[in-house]
Amino acid sequence: MGQPQKPIAAEQQILSLGRVLESLREEDNVDVLIEITISYLKEQFDYKLIWIALYDRLNHILFGKGGITPDHDTSFLRQRVVLSPGDLLEQVVIEQHPLGVADLQTEIRAAEWRKIAEKFHIQGTIILPIRYKDRCLGLLLLGSERWGYLLTGEAKARLMMVLGELGAVLYQKEMDLQHKQTKRTDEPLLELLENLRTLTNLNQRLEAAVQATHKFISPTRTNVYWFEREGRYFWCRMSNQLVKIDRNSSTQQAAGMTVQDLSDFYYALAVNQIVSIGDARSSLKSHFTAKLLQRLKVRSLLAAPIIWQKNLVGFLAVESNEPRIWTETDKNFVQGVAGLISLVAATESMESTIKQIQDDAQLTGQVAQGIYSEHDLQETLHSCAKRVLARLGATRFLLLQYDPEQNNYQFIYQNQPHNRRSLTFTLPNLKELDGQLLQRSTQAVEIENLDEDLRFFNWRPSLLENGVRSLLICKCTHGHIPAPLLVITHETHRSWTTLEKELLWAVSQQIGVIVRQWQLHKRTTQQQKVSQAFEQCLRILTQSQNSKIEVEKKHLERTALEQIASILGCPLAVLLSWSPGESWAEIIPGVIDNSQFGVFSDASIPIQAEALIQWALATESYLTLRVDNLPPETRKWLNTPDKGQILVMALRTNTDYETTGVVLLVDYQERRWSEQSLSAIATLISLLAWWRREKQITRLLESTTKELQQLNWYKHRRLEEIQRITALSLKQIHDLGIPANELTQMRYQLLLRQLDHTATSMSGMLKLEHWQLHISWETMPIASLLKRSLERIENLVKQQKLWIGVHGLGQPIEDQESPKNSSLARGVPTSNAQSSMAIAGDIVKIELVIHELLVTACNRSQTGGRIDIWCRRLDASKTVDAKHSSASVGAEHQTSLELSITYNGAIEPQLLTELHDNTPKDVLAPSNLDQPPGLHLVICQNLMQELGGELNFYQLPDNRVVSRLLLPLVGHDS
């Protein structure tokens, strides 16, 4: 019999659970629901203490609803329990999870329940939340005389099902109760709307709105505050206690509250945000909430903004002297009434608003008409400024333009009352955030209180010092900042309507057209200034070239510096000048227009040690730097303020040519130089460099020409004298007659022929080569030419004890065993085969060139050294050996003779480089070709080119120096 009873007991539990759940779902009374739950718990669970309480989440309080105790005294189970931080009951309410206590008598977090536990000997306790959808609705406390709080799974499941159903029913009852208690806002609002429609003026409508709000919410006071932009304060226009209040009333409530007093409260209303301050709750910051409540002398406040066309007109305030929690219904109703007030307030001034819009349209139209008419732009701006100031009630009309050279904003136009002075300062460049603010804006940016607003912070000191307290600012073009800016200022704290800001925006865009015309005019003026500077510099160059009177060089350079400085407007411009090869620079002052700037013109500046010169030489174009970066040595001769900037640029013409000066421009650090001006400056400085180089070359060439003319005159006169004396001697010899001795007679006749030939040749030179060379055409065997050339240097060879060998003309007959042999005539073969190899050209000049090459070889050779002369025939189709040529010979149209003179001697590498045909030569730079022997060699080189030959110099790998001479040979048909 015992075995079948278990299913019967389990079935009985399930049936009891089903009955209690059904009872909970069908019951409407909360107290009955609690009784049903307590009866079920008493019947199904063995607990001596049962307590059920409901949770008031608004006040954070538990309300006891009953239970059971061992002595059946349940009075204390219906008491109100205020939850405090840290106790067990609050932990269960917040966490919404069951909590077990092994011995309630020892639990310090439940002080009141410890006494009850000790009284009824309660130990093991379980506290469970009654919850639904994460919302705590109450608590269930179960206490047992046994130690511990373990609950079996089956019992726990049945308990949680009962509590879950109880929570769902309680939640539904609470929702139904709230719905019944919730006040409907639609009917009062519709009734108010009907009343507003029947009333005639704004004050009556405001009175109706205040009475309806006060009746619906039942606060201590209900007020309507109106906002005055001129002065930025609120005044109480309507109240339920004082039905009609004039703004000029002397009562405390009508005295008004300034925006400065309301601060965060004002800014919240301005962005259409409802402000709610109640029992321990506030939509504003805590420190300002207390200040606002103290100012209004209330403990609770609900305020809704009255806004029309994005402008704050005022606010509707519901005030209470007691802490109060404002419901969503209260907020919605106040917000709805405020919206109705904004509509009726707009209709009150509809006619004046329409007229104002028409006047604004006429104003913008007149501005546009003035811009595109032929009136003066200043006159157009003056008319526009007067109308805008009158319309907006402002003090100053300011038009600003960014100056890139000064890096600041300057007033290009301003208008103010006659009793106000014009602003004479400049405003610094905008900060990045302020520039982005203007860039993104589509209407005028408003600063209501310049003392407190952090926008345009770097402008604030200057504006405040000149009486500006509020302003409107907007850009005049759609381009990127910096753009022209239009600023409207006022001497008091105030705000402007959206309509006024949109009007100023429209006017600013029209004014942007004027500013663009000014910019074009300014740009044209700058271009004209640059053009005039270029024209003046070219005139200086033309004057220096064409003037018959020699113009002082330094005066011309100063004039050029003045033109360069005029483009940038620099107060100081100087030139550090030197000649090639010099170590010290001279200071040539050009412009000194300010006493703060200057130079010590008598100072000598070391080129290698001066930092400015070296920095300029190391920079390809111009270089800009600050004065405080200069070394102390430079500050000794350069006088300039510490806050200054410098531009230096070397007088550079070509990378292969030496620099002969540096232009130095100094200005204040605040100035910003435009790229256009800097480009023009660089061009003018480059032009000055080429002009100076041209002048230096001209002076050098003139000097050289003068010297050559004197030398030529001297030599020519000497030759004339020699020719005269020689001719006279010949005449005397002829007059003496021929001696009788036959041998003497032969030698006498030979001497006469030689003298006659010399006189004839000199006569031809004097006649044909007075001021320029004359190229003759003769032929001579190369052997004879070399023999004559060697005879001319015989004395020099003996002095140096040199050995000379001639190769390539046949079997030499010189004695190779004896380097001291001086019989040079025997060193040249005279076979018929070789003597037929003859050269063609101006034999006299070719002989002089060979003589110069042999003299150079003798002078550079060591004592006892060796000189070799190599002769080789080159056909037209034969390629010249690369080892023996420094430059390949072009396609010759005739057979040539290659004559190479080699010797072991020292030669400067720089001289070889300068003698190379392809090497660029700077005529101003010091050179080895300016004096012998380099000068003689380059003369020979140039002479051979004119004679149709070629002369090159190079050095072999074994350090032998080669003078390679290419001569035309006489053809077989010649």
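FYI, side chains are in, hydrogens and waters are out, and symmetry mates aren't considered; it's all heavy atoms of this structure.
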Any non-hydrogen side-chain atom of Leu296 less than 4.5 Å from a side-chain atom of Met257? yes
#### Entry: Under-4.0 Å salt bridge between Asp451 and Arg460
no
On a heavy-atom basis, the closest approach of Leu316 and Ala338 is CD2-N, 4.2 Å
Just so I know, are the side chains of Arg237 and Asn203 near enough to count as touching, which here means a heavy-atom distance under 4.5 Å? yes
task: Give the C-alpha distance, both sets of side-chain angles, the deciding distance and a yes or no for side chain to side chain contact (heavy atoms under 4.5 Å, CB included) between Lys173 and Asp28.
output: CA-CA 8 Å; Lys173 300 300 181 183; Asp28 293 332; 2.8 Å; yes
Of all heavy-atom pairs linking Ile217 and Arg324, the shortest is O-NH2, 2.7 Å
- Task: Determine, for Phe411 and Arg396, whether the Lys NZ or Arg CZ falls below 6.0 Å from the six-membered ring centre while staying within 45 degrees of the axis.
- Result: no
Exercise for the section: List the steps, then state whether side chain to side chain contact (heavy atoms under 4.5 Å, CB included) holds for Leu128 with Leu142. Expected result: CA-CA 8 Å; Leu128 299 100; Leu142 300 176; 4.3 Å; yes
Report task. Report, as yes or no, whether the 6.0 Å neighbourhood of atom OH on Tyr267 holds more than 12 heavy atoms from other residues, nucleotides or ligands. Result -> yes
**Asked** Can Gln96 and Asp134 be counted as having a side-chain donor-acceptor contact under 3.5 angstrom?
**Response** no
> Within the distance-only criterion (no hydrogens, no angle test), does the side chain of Thr220 pair as donor or acceptor with the backbone N or O of Asn321 below 3.5 angstrom?
Replying inline: yes
task: Give the intermediate values and the outcome of side chain to side chain contact (heavy atoms under 4.5 Å, CB included) for residues Val313 and Ser342.
output: CA-CA 7 Å; Val313 179; Ser342 66; 5.9 Å; no
- Between the main-chain N or O of Asn429 and the side-chain N or O of Asn458, is there a donor-acceptor pair closer than 3.5 Å? yes
CD1 (Ile473) and CD (Glu446) are apart, to the nearest 0.5 Å, by 13.0 Å
- prompt: Hey, does the side chain of Trp308 reach the backbone of Leu343 with a donor-acceptor pair shorter than 3.5 angstrom?
  reply: no
Here the gap from Cys236 atom SG to Gln241 atom CD, rounded to the nearest 0.5 Å, amounts to 9.5 Å
dist Asn272:CG -> Lys310:NZ (nearest 0.5 Å) comes out at 11.5 Å
Rounding to 0.5 Å, atoms CD (Gln91) and NE2 (His97) come to a distance of 10.5 Å
Check your understanding: Distance-only, no hydrogens or angles: does the Arg78 side chain make a donor-acceptor pair with backbone N or O of Gly64 under 3.5 Å?
Key -> no
| Lys/Arg-Asp/Glu bridge criterion (N-O < 4.0 Å) met for Arg391, Glu500 | yes
Report task. Report yes or no: does Gln439 contribute a side-chain atom to a donor-acceptor pair with the main-chain N or O of Asp434 at less than 3.5 Å? Result -> no
What one should report as the nearest heavy-atom pair of Arg299 and Leu293 is O-CD1, 3.8 Å
Does a side-chain heavy-atom distance below 4.5 Å link Arg232 with Thr258? no
Within the side chain of Arg295, is there an N or O that forms a donor-acceptor pair under 3.5 Å with the backbone of Leu262? no
In Phe265, Trp226, Phe227, the residue satisfying ring pair (Phe, Tyr, Trp, His ring centres under 6.0 Å) with Phe315 is Phe265
CG (Asn223) and NE2 (His214) are apart, to the nearest 0.5 Å, by 10.0 Å
*So, Thr327 versus Asp330: side-chain donor-acceptor pair below 3.5 Å or not?*
yes
#### Entry: Arg109 with Glu107: basic N within carboxylate O range, under 4.0 Å
yes
Query raised in the report: Please walk me through it: do Leu140 and Leu163 pass side chain to side chain contact (heavy atoms under 4.5 Å, CB included)?
Result: CA-CA 9 Å; Leu140 169 63; Leu163 293 181; 3.7 Å; yes
Rounded to the nearest 0.5 angstrom, the CZ-OG distance for Arg229 and Ser495 is 4.0 Å
Assess whether side chain to side chain donor-acceptor pair (under 3.5 Å) is satisfied between Arg469 and Thr492, documenting all intermediate values. CA-CA 5 Å; Arg469 294 298 178 266; Thr492 61; over 6 Å; no
Side chains of Val224 and Ile306: closer than 4.5 Å at any heavy-atom pair? yes
- Is the backbone of Gly86 close enough, under 3.5 Å, to the side chain of Glu90 for a donor and an acceptor to pair up by distance? yes
- Should Leu430 and Trp459 count as side-chain neighbours, where that means a heavy-atom distance under 4.5 Å? yes
Contacts of Trp51 meeting ring pair (Phe, Tyr, Trp, His ring centres under 6.0 Å) (sequence neighbours excluded), chain-then-number -> Trp113
Heavy-atom closest pair (Val468 atom, Leu471 atom, distance to 0.1 Å) is CG1-CD2, 4.2 Å
Inset, instruction - Kindly indicate whether the side chain of Glu448, heavy atoms from C-beta on, has any atom under 4.5 Å from the side chain of Tyr266. - result: yes
For Leu24 and Val169 the tightest heavy-atom approach is O-CG2, 3.4 Å
Side chain Ser300, main chain Glu322, donor-acceptor under 3.5 Å | yes
| Flag side-chain contact, heavy atom, 4.5 Å: Phe456 against Leu450 | no
Ile488 and Phe397 have their tightest heavy-atom pair at CD1-CD1, 3.5 Å
By ring pair (Phe, Tyr, Trp, His ring centres under 6.0 Å), Tyr171 pairs with (sequence neighbours left out) Tyr132
Phe425 side chain reached by Asn466 side chain, heavy atoms, under 4.5 Å:
yes
Sequence neighbours excluded, the answer for salt bridge (charged side-chain N to carboxylate O under 4.0 Å, His left out) partners of Glu502 is none
Where the side chain of Thr498 meets the backbone of Gln309, is there a donor-acceptor pair that is under 3.5 Å apart?
yes
(Q) Check this for me: Glu112, atom CD, are more than 12 non-hydrogen atoms of other residues, nucleotides or ligands nearer than 6.0 Å? (A) no
Do Thr74 side-chain atoms and Leu77 backbone N/O form a donor-acceptor pair below 3.5 Å?
no
